[in-house]
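Let me begin by presenting the structure, written as C-alpha cells, before commenting on it.
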2 protein chains.
Amino acid sequence: MNVTIKDVAKKAGVSVSTVSLVINKKPAITEETRQRVLQAIEELNYYPRRIAQGLASKRNGNIGFILTDYHFSRAEPFYTKIFLGSEFEARHHNYYLLLTTIQNKFAQSDIPRFLLEKNVDGVILAGKVPTGLIEHISGYGLPTVFVDYTPPKGKYFAVLMDNIDGAKQAVGHLIEKGHRKIAFIGGDISHPSIQSRLEGYRQALMEANLVFNEQLVITSSPNTTDIDGYQSTCALIQNGEPLTAIFAANDAMAFGCNRCLKEKNIRVPDQIALVGFDDVELAIEMEPRLTTIKVNKEDIGAIAVKSLVEMLDTNRKINGKILAPVELIVREST
Amino acid sequence: MNVTIKDVAKKAGVSVSTVSLVINKKPAITEETRQRVLQAIEELNYYPRRIAQGLASKRNGNIGFILTDYHFSRAEPFYTKIFLGSEFEARHHNYYLLLTTIQNKFAQSDIPRFLLEKNVDGVILAGKVPTGLIEHISGYGLPTVFVDYTPPKGKYFAVLMDNIDGAKQAVGHLIEKGHRKIAFIGGDISHPSIQSRLEGYRQALMEANLVFNEQLVITSSPNTTDIDGYQSTCALIQNGEPLTAIFAANDAMAFGCNRCLKEKNIRVPDQIALVGFDDVELAIEMEPRLTTIKVNKEDIGAIAVKSLVEMLDTNRKINGKILAPVELIVREST
DNA sequence: CTGAAAGCGCTAACAA
DNA sequence: TTGTTAGCGCTTTCAG
C-alpha cells in the first residue's frame, strides 16, 4: 500500500540492506550507491515506518515524559516550557516524547502504560514525583533523567537550575548597585532550591566581605507564595533593622514583598531595591517591573533530552547532575 | 529476552493465535481456554509489545495532537487542560498521544514527523492552526478532529464549546436576579466565539421579552483582553444609558470591567452585577469573586479523543460539530 | 473453536 | 562494499 524499503531498493537497483545502511547513516557504502539510494528515496518520497524500524532494531525511539498533573496544568507554565524544550530537542534526535501525567500519590493503577508495554527507551521525570513511582521505574532498568528534582535516595542523574549561582548573581547585582544591607526572605527553607538560594546569598555576601546578619534573613513563613512574601516583608520592616535591598527567594514572594512595601509607602527601588528569582511571566507586570533571575526552561528540557539520548546512544547510564545556567534580568525594581 | 506471546502460548498449552484472539477480545474462544490464557498472561506478567502489535495490525495506536506553541505555553492553561483530558481518555482506549507544537505560520520544515513517518492513526488539531498545515494534513486522509476551532473551508469535524448556550445561561441568570438593563461588552466581534456569545445574549433577552438595546452593547474594542474590558466599561458608563448588570464576553474583559467600576466607585454586585465567561483560574481571585461560565476543558479533550477513536474503530469519518456543555458558576459578582 | 503459517517493514548478522 | 536471509513479536487469513 505504502512505499516501502523494497520499493526503494528496486528503484535504486540495490538490496534492501543497502538501503537500510544508507538510511541509518552507516559507513561502508560507496558514495555513488549512497547517492543512488538517496535519490530513489527522494523520488519515491519514502519515509521508513517508525514501527517497523522499532520492531527490528529493538529500540522504539520513544522517550517517556512523566510529571504530575498538578505540575502540568498550573498557571505558571514552568514545566510546560520544559516539555516544549524537550520535545524540540527530541525531534532533532529523532525521538518521540510520550507525555503522561500522574497523580501526586503513587498508585499501581497509574503506572504509565508506556512502561508496561515497553514502549519507551528512556524516561524523563519532571518535578517532584512520588517515590513509589521512582522505585517502580528503577525496576525497568531504563535510563532515567530527573528534571528540577532529585530523588531522596539512590543514584540518579538530574538536570537542575543553578540556584546558588542565581542567588549570587542577584545579590552581587545589589552589591554592585551599592547596597550593603541586603535582606533575604525565604519562606519554606526545607525546599532544596530555597536552601541553595540562601546559600548563594550567603556566599555573595562573603565574597564581598559583608557580614551575614541574621536579623535580615526571614525564613519563618511556611510556604513560598505571594502571601509569605507579604508577611515576611512586614516582619522584616517591623524588625527595624536597617536595610536598603531585599532578595526574595522567588518571584511570587517578591510580589508579596512589593505589595507590603507599597502599603507602607516605601518606594521601590528608591528606598528599597528588590530582586526576585524565576522570572515568571508576571514579573514584567509588577510595578515596578521586577528585576529577577531568569531560568531558561526550554534549555532545561533540551539538556534533559540531550543527556538521555546520550545515555541511549552510548548505552550506559550517567550519574550526577547538570546545573542549567541562569541569568540576571535587570528591570526597574533595582 | 522479554516474555512474549509465545511464552504465554506455551504456558497455557495453546497456540499463539489463540492467545492473540484472547488479547484482542475476539469472540469464538471457549470461556475455559480464555481463562487458561488469561491466567498464563497474569502469571507471566505479560504485556503485548505495542510496536509488534502495530506492525502486524497496520495500526499504530497513536494519535497526533497538534497545537501552536503559543497556545501550549501561555499562562492560562486552557489547551493544556484539554490535552490532559485527551490524554486521559486516550488511555482508556489504549491509544497514545503524540504531542507536537508548531509555529503560528506554516512551514514545510515543521510538518510533524509523526505524519511523515506514518506514526499516527488520526490527528487532533487544537486551537487555531495555520491553514497551510490543515491542507497538508488533509492530504494524508487521516481522520482529523478540530478542537476549539473550525477551519475556514472544507468538511471537518470539530469539538467546540457551547458559546450560545453559555451566554444564555449567563444572561438568564441575571434576568432571574431581576436585572432588566443588561449590557454586553464584547471586544473583537470578528471572533466566532464572541459572535456566538453575543448571539446568546440576544436570544436570552428575546426569550425574556426584553428589548435589545444597542446602547448597551459595546463591541468597539479591538481585542478581548483586560484592557478592552476596562475601556469598554468606561465607554458604557460614559454613555449614561442606565444599566444594572454587565455580561462580559470573557473573564479577562470582566476583570477590566471590574477595575473600571471600582475606580468609579460603583459597587459590584450591589449597583452593577457582573458575569464573565470561561472561568479562568483567576476568576476566583477577583474581588468580588467572579460569576462566570465554566467550560470543562478536560471534557472537551475527552470528547475529541472519543470521537476520533470512534472514527478509527468504525473506519469512517464523521463531519459536523459537537458542542461541549458549559455551566454557570455563581459567585459573588451577581 | 483452535492451530499453522504467512507476513507487517525493517534491521543485522553473515556471506560473498 | 553489497546481498541474502533470518528474525523482531504480533495479527490474520485459512484450514481443520
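Predicted model, so just to flag it, every value in this text is computed and none were measured. Below, chain A is the first sequence line, B the second, and so on; all start at residue 1.
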Query raised in the report: R36(B) CZ to dC1(C) C1': how many Å, rounded?
Result: 12 Å
**Report entry** E117(B) CD - dG9(C) C1' separation (whole Å)
**Finding:** 13 Å
Query raised in the report: Under 4.0 Å: is that the gap between some side-chain N or O of T18(B) and OP1 or OP2 of dC1(C)?
Result: no
Requested in this report: Using atom types as modelled and distance alone, determine if a side-chain donor or acceptor of R49(B) lies under 3.5 Å from a backbone N or O of K118(A).
Outcome: yes
Requested in this report: Would you please confirm or rule out a distance under 4.0 Å between OP1 or OP2 of dC10(D) and any side-chain N or O of K58(B)?
Outcome: no
Query raised in the report: With a distance cut-off below 6.0 Å to the six-membered ring centre and an angular limit of 45° from the axis, does R113(A) pair with Y96(B) as a cation-pi contact?
Result: yes
Report task. Give a yes or no answer on whether the side chain of N62(A) reaches the backbone of N119(A) with a donor-acceptor pair at less than 3.5 Å. Result -> yes
**Report entry** Y140(A): partners by side chain to side chain donor-acceptor pair (under 3.5 Å), with sequence neighbours left out
**Finding:** H136(A)
Query - Between the first and last five pairs of the helix from dC1(C)-dG16(D) to dA16(C)-dT1(D), the angle of the axes, rounded to 10 degrees - result: 30°
Query - Check: S15(B)/T18(B) side-chain N/O donor and acceptor closer than 3.5 Å - result: yes
Query raised in the report: Can a donor-acceptor pair be found between the side chains of Q35(A) and E31(A) at a distance below 3.5 Å?
Result: yes
Requested in this report: Find the distance Q35(A):CD to dT2(D):P and express it as a whole number of Å.
Outcome: 12 Å
Requested in this report: Could you state the atom-to-atom distance from CG of N2(B) to C1' of dC10(D) in whole Å?
Outcome: 14 Å
Report summary line: Atom CG of N119(B) and atom C1' of dG9(C) are separated, to the nearest Å, by 13 Å
**Report entry** Donor-acceptor contact below 3.5 Å, side chain T4(A) vs main chain K6(A)
**Finding:** yes
**Report entry** D7(A) CG - dC8(C) P separation (whole Å)
**Finding:** 11 Å
Query raised in the report: Between K317(B) and G141(B), is there a donor-acceptor pair closer than 3.5 Å when you use the side chain of the first and the backbone of the second?
Result: yes
Query - Value in whole Å for how far the C1' atom of dA6(C) lies from CG of L55(B) - result: 13 Å
Query - B/S/- contact track for nucleotides 10-16 of chain C, protein heavy atom under 4.0 Å - result: BSB----
Query raised in the report: Under 3.5 Å, is there a donor-acceptor pair between the side chain of D162(B) and the main chain of L323(B)?
Result: no
